[in-house]
Amino acid sequence: MDADQLLGASIIRIPPHHYIHVLDQNTNIARVELGPLTYIRQDNERVLFAPVRMIMVPPRHYCVVLNPVARNAEGQVQFDASGQAKLRHADLEIRLTQDPFPLFPGEEIQKDVTPLQIVYPDTALRLQALLDFEEEGGEKRVAGDEWLFEGPGTYIPRKEVAVLEVIKATVIRENQAIRLQARKEGLDRSGVQRVTGEEWQVSKVGAYLPGAHEEVVDIVNAFILTDKNALHVRALRPFRDAGGRERRTGEEWLVTVADREAHIPSVAEEIVGVVDVTTLNSRQYCVVLDPVGADGKPQLGQKRVVKGERSFFLRPGEHLENGIQDVYVLSEEEGLVLRALDEEEGESRAKKRGIQRRPGDRWMLRGPIEYVPPATVEVLLRRDAIPLDENEGIYVRDIKTGKVRAVIGQTYMLTQDEELWEKELPANVETLLSQSLADRSERGRNLAQAERDKTRVVSYRVPHNAAVQVYDYREKKARVVFGPEMVMLGPDEQFTILSLSGDKPKHPNVIKAICLLLGPDFCTDIITIETADHARLQLQLSYNWHFDLKQPAEAAKATALFSVPDFVGDACKAIASRIRGAVASVQFDDFHKNSNRIICSAVFGFDEKLAVRSSLRFNQNGLVVSSVDIQSVEPVDQRTRDALQKSVQLAIEITTNSQEATARHEAERLEQEARGRLERQKITDQAEAEKARKELLELEAQSAAVESTGAAKAEAQSRAEAARIQGEAAVEEAKLKAEAQKIEADAELARLCKAREQELNYKKEMDQLEVQKQQKLAEIESLRFKELIESLGTETLKEMARAGPELQVSQHWDSKLTSFCSGFASQIGINNLIKHVPCFLPGEAPAVFGPVLMAAALPQQSVIFQICMMRRMRITHKQGCGLYVSFLSLQGLRTDSCSEGD
């Protein structure tokens, strides 16, 4: 049945712990019907919903009900005059563990059944009052109040209280503290009055639970101080530090391990940084700027020199000038340039020598020495002696006079008033100095230039048969140096640069050079000439030249070498003009036939005898042209060049054809001779081949005979060897079988020995167990008899012994008694009977012992009750019954069926 059919039914069965809401449509009032109930719906009633389970709040749970019903002092629900349950509208009710309850019309579950909140140790709930109320203890709370509910415990919620947060205790470890801040004025946990925003620290080790108006700002870890570090601390406001000293705002100080091993900064302190220890060894020192004085205040502008060995911390405001520096250890070839900074120069050496230093004075301190400069002395430079070879030098400038000089060929150390001077050279001179200028193959290449040390004296190696001109601008003189020689420039000297013509044809300023090669050498030039019949020709000529100068040369002649700046261009121009003039007066055919004579006569001229001179001399600089080589003659006009080329080709063709015919005839002759030699060689080779064939056949026959003999012999040997191997294998097999049988027999014998040994051991152990079993059984029987005798008791045995003749029974009883004693003795054993009975009845032993021994000798009978011996043992009927019952008990039989008549 669905919900609609259930609501429309007239009979509604409400299970236990369920309820429904019924609306009376006449009065428009809803009521609650609780189960178990079979509800019969009236026509004017309507069921609002199907049966619903009641609200069950288990232990340690709660729920929140909105718009709860009003209840009286006894907890009963109040109704108005119309029967409607009164509601507290917009109110809340927290219901804890109770019997299942229904919701009245208008009530709502705002919060489902929820477990109560457990507050664990070292935790708390920060609560806030939403309404004014009074707690059970009488404490009044005003809306807005905040307090803590500290654990351990279970928090019971109230409608007037809201849980703001769960606060966990902060664990404070060793060398830790927590920084707290007050949210509002009040007392902290230590009872100290705090104002809003105030901060303080708690360093007690353990768990700290902040109060309701306290807030944990941070966990402050202690700085562990060692000999290697310290703390730089700054005061944020006036306070008294851990050492009891008053600190002012902005004051800075150091906390070292001498003060405390672990420092936790307070709320009024700020950690500027960690200062590492400054350690100086015996070869180090440092200069401390703005050192802190004895009063603890920095001495601004002062310096203090600290020399090792020493370890210290820089105080606030102090810093090192240039860090940790090494002590100046000077050798004999080293020195220091010093300058005084203060008139109160405290150097002991100067005072001892009576030298008064003024600020700005410079002096030189030479080694060997160890030197630590005082605070009033500045080390400007460290000078090393400069070792110089005889061909090395440096430029030195005096800073007072400005004079520059060159120091060459000695070890020199600059004084305090000297410095190295850099000599600047033109860029083209720098390039030429970095090249091998005497080698023509390097000209025109861009070679990598090594950086020149400008303070070193400029030197140049003049090659052999060359000259270099150096001009001194201060003395206004020039000097010429002939190679091989080393040229070293003074401070005011410069090289004379030669700018020569080059290329083909010659162009000016192509070659730059410092040295002048004296020759012999050659130069090549291309010139254009025109004959008398206007044929234009291009000549390539090569001139051999040299300078006519004898060593040692005079100064005037040496200077004359450099009087013509471009001797190559001037010589080529002069020779070209002579050749053009001579060729212009001859025809092309004459020039083509006599070109060498015409050119040589034009260049060298004729002497007095009308003979061609051997050389051409230029008197300005002593240049001599010794020969002219005509390398090529080419017409400039194309038609002339083509005609000349055709004639040359025709001549070449005629010569080539003649040479071809001669070569052809010679080749045919050589071919015929080669054919004859070939035929003769063929015949000779055939004869040799037949001879070799004959030898081959003979060798084949011999090898076949040897092969057949060897095969038969090898087969016989192999059969014999196989028979031998087979026999040896059979012998070896027999040996192995014998050994195997022996091994099997030995193994079987060993197995049998082991089996017999194990069987003997087993028998022996079984016999020992049987002996032990018999011993145990004897001990058990002995113990049983002893217990039997103890159960009968001494008095019973005495009564049995003292029984008189008046109690004697008939012969029937004698036979029964004898059977009893026989069975009794057979059960307990004759030995035990002999052993124990006398000890119980020492006085009555003869009276009892005789019949018992007699009964023990008789055959055992199965009669349980042996009464035949009672008469002789003087045992009464009652005593016999007791002895019988005891006997049955020891036998493990039941005695409840025995009677006194038995």
Side-chain angles (χ1 to χ4, degrees), residues 386-396 404-412 421-443 447 449-500 511-523 544-568 618 620-624:
I386 303 174
L388 301 174
D389 193 13
E390 60 183 3
N391 292 328
E392 294 180 335
I394 56 174
Y395 297 111
V396 179
V404 181
R405 60 189 179 92
V407 179
I408 300 174
Q410 60 177 337
T411 300
Y412 186 75
W421 181 73
E422 295 183 355
K423 181 176 178 64
E424 298 291 341
L425 295 177
N428 55 353
V429 176
E430 293 280 3
T431 304
L432 294 174
L433 288 177
S434 63
Q435 299 175 357
S436 178
L437 300 179
D439 189 358
R440 297 186 201 179
S441 62
E442 301 295 334
R443 292 175 182 173
L447 300 177
Q449 300 182 6
E451 187 67 23
R452 180 179 67 87
D453 187 359
K454 296 182 179 181
T455 61
R456 292 278 178 164
V457 171
V458 180
S459 60
Y460 183 76
R461 292 178 177 85
V462 182
H464 176 70
N465 199 24
V468 173
Q469 186 181 41
V470 178
Y471 187 80
D472 190 342
Y473 286 92
R474 185 175 64 181
E475 300 293 337
K476 295 182 175 55
K477 293 180 181 180
R479 60 187 176 95
V480 179
V481 180
F482 293 93
E485 186 63 51
M486 173 72 76
V487 179
M488 304 186 75
L489 296 184
D492 300 311
E493 290 181 338
Q494 292 288 347
F495 290 107
T496 298
I497 303 299
L498 298 177
S499 182
L500 306 178
I511 299 174
K512 302 291 183 181
I514 292 178
C515 66
L516 175 64
L517 302 180
L518 300 180
D521 204 343
F522 68 92
C523 65
N544 288 335
W545 59 267
H546 67 277
F547 285 96
D548 187 11
L549 185 67
K550 295 181 180 181
Q551 300 291 344
E554 298 178 358
K557 292 183 179 180
T559 306
L561 294 175
F562 295 90
S563 60
V564 179
D566 186 5
F567 70 92
V568 175
F618 294 92
Q620 293 87 349
N621 55 359
L623 177 65
V624 177

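Heads up: numbering here begins at 1 and tracks the sequence.
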side-chain contact (heavy atoms from CB on, under 4.5 Å) between Arg456 and Ile386, intermediate numbers included: CA-CA 11 Å; Arg456 292 278 178 164; Ile386 303 174; 4.0 Å; yes
Worked verdict on Leu489 versus Val470 for side-chain contact (heavy atoms from CB on, under 4.5 Å): CA-CA 8 Å; Leu489 296 184; Val470 178; 3.5 Å; yes
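Between Leu433 and Ile514, some side-chain heavy-atom pair lies under the 4.5 Å cut-off. In this structure the side chain of Val468 never reaches within 4.5 angstrom of the side chain of Leu516, judged on heavy atoms. Residues Lys423 and Val458 meet the side-chain proximity criterion, which asks for heavy atoms closer than 4.5 Å. Inter-residue side-chain proximity for Asp566 and Val568 is flagged as met; some heavy-atom pair is nearer than 4.5 Å. Put simply, the side chain of Asn465 does not reach to within 4.5 Å of the side chain of Leu517, judged on heavy atoms. Counting only heavy atoms from C-beta outward, the side chains of Gln494 and Leu425 approach each other to under 4.5 Å. Side-chain contact between Lys512 and Leu432 is present, with heavy atoms from C-beta onward closer than 4.5 Å. The shortest distance between side-chain heavy atoms of Ile394 and Trp421 does not fall below 4.5 Å.
A pairwise comparison of heavy atoms in Val457 and Ala406 identifies CG2-CB, 4.1 Å as the closest pair. The minimum heavy-atom distance linking Val407 with Leu388 is given by the pair O-CD1, 3.4 Å. Shortest non-hydrogen contact noted between Ala467 and Val480 is CB-CG1, 4.0 Å. Across all non-hydrogen atoms, the minimal contact from Gln469 to Ala478 is NE2-CB, 3.8 Å. Met486 and Ser459 make their closest contact through SD-CB, 3.6 Å (heavy atoms, listed as atom of the first residue, atom of the second, distance).
Under the side-chain hydrogen bond (donor to acceptor under 3.5 Å, both in side chains) criterion, Asp548 pairs with Arg617, sequence neighbours left out. Take Phe547 and apply the ring pair (Phe, Tyr, Trp, His ring centres under 6.0 Å) test, not counting sequence neighbours, and it matches Trp545, Phe567. Residues passing the side-chain hydrogen bond (donor to acceptor under 3.5 Å, both in side chains) test with Tyr473: none are found, sequence neighbours excluded. For Phe495, the ring pair (Phe, Tyr, Trp, His ring centres under 6.0 Å) criterion is met by Tyr460, not counting sequence neighbours.
Within the model, atoms CG of Leu518 and CG of Leu549 stand 6.5 Å from one another, a figure rounded to the nearest 0.5 Å. Ser563 OG to Gln620 CD: the interatomic distance, rounded to the nearest 0.5 Å, is 7.0 Å. Once rounded to the nearest 0.5 Å, the distance linking CE of Met488 with CD1 of Ile408 reads 4.0 Å.
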List the atom pairs, with distances to 0.1 Å, where a side-chain N or O of residues 552-562 and a protein N or O form a donor-acceptor pair under 3.5 Å, not counting sequence neighbours.
| from | atom 1 | to | atom 2 | distance (Å) |
| --- | --- | --- | --- | --- |
| Thr559 | OG1 | Ala555 | O | 2.8 |

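Looking only at distances, a side-chain donor or acceptor of Glu392 sits under 3.5 Å from a matching main-chain atom of Asp389. Checking side-chain atoms of Lys477 against main-chain N and O of Tyr471 turns up no donor-acceptor pair under 3.5 Å.
The stretch residues 478-494 participates, sequence neighbours left out, in these salt bridge (Lys or Arg N to Asp or Glu O under 4.0 Å) pairs: Arg474-Asp492, Arg479-Glu493.
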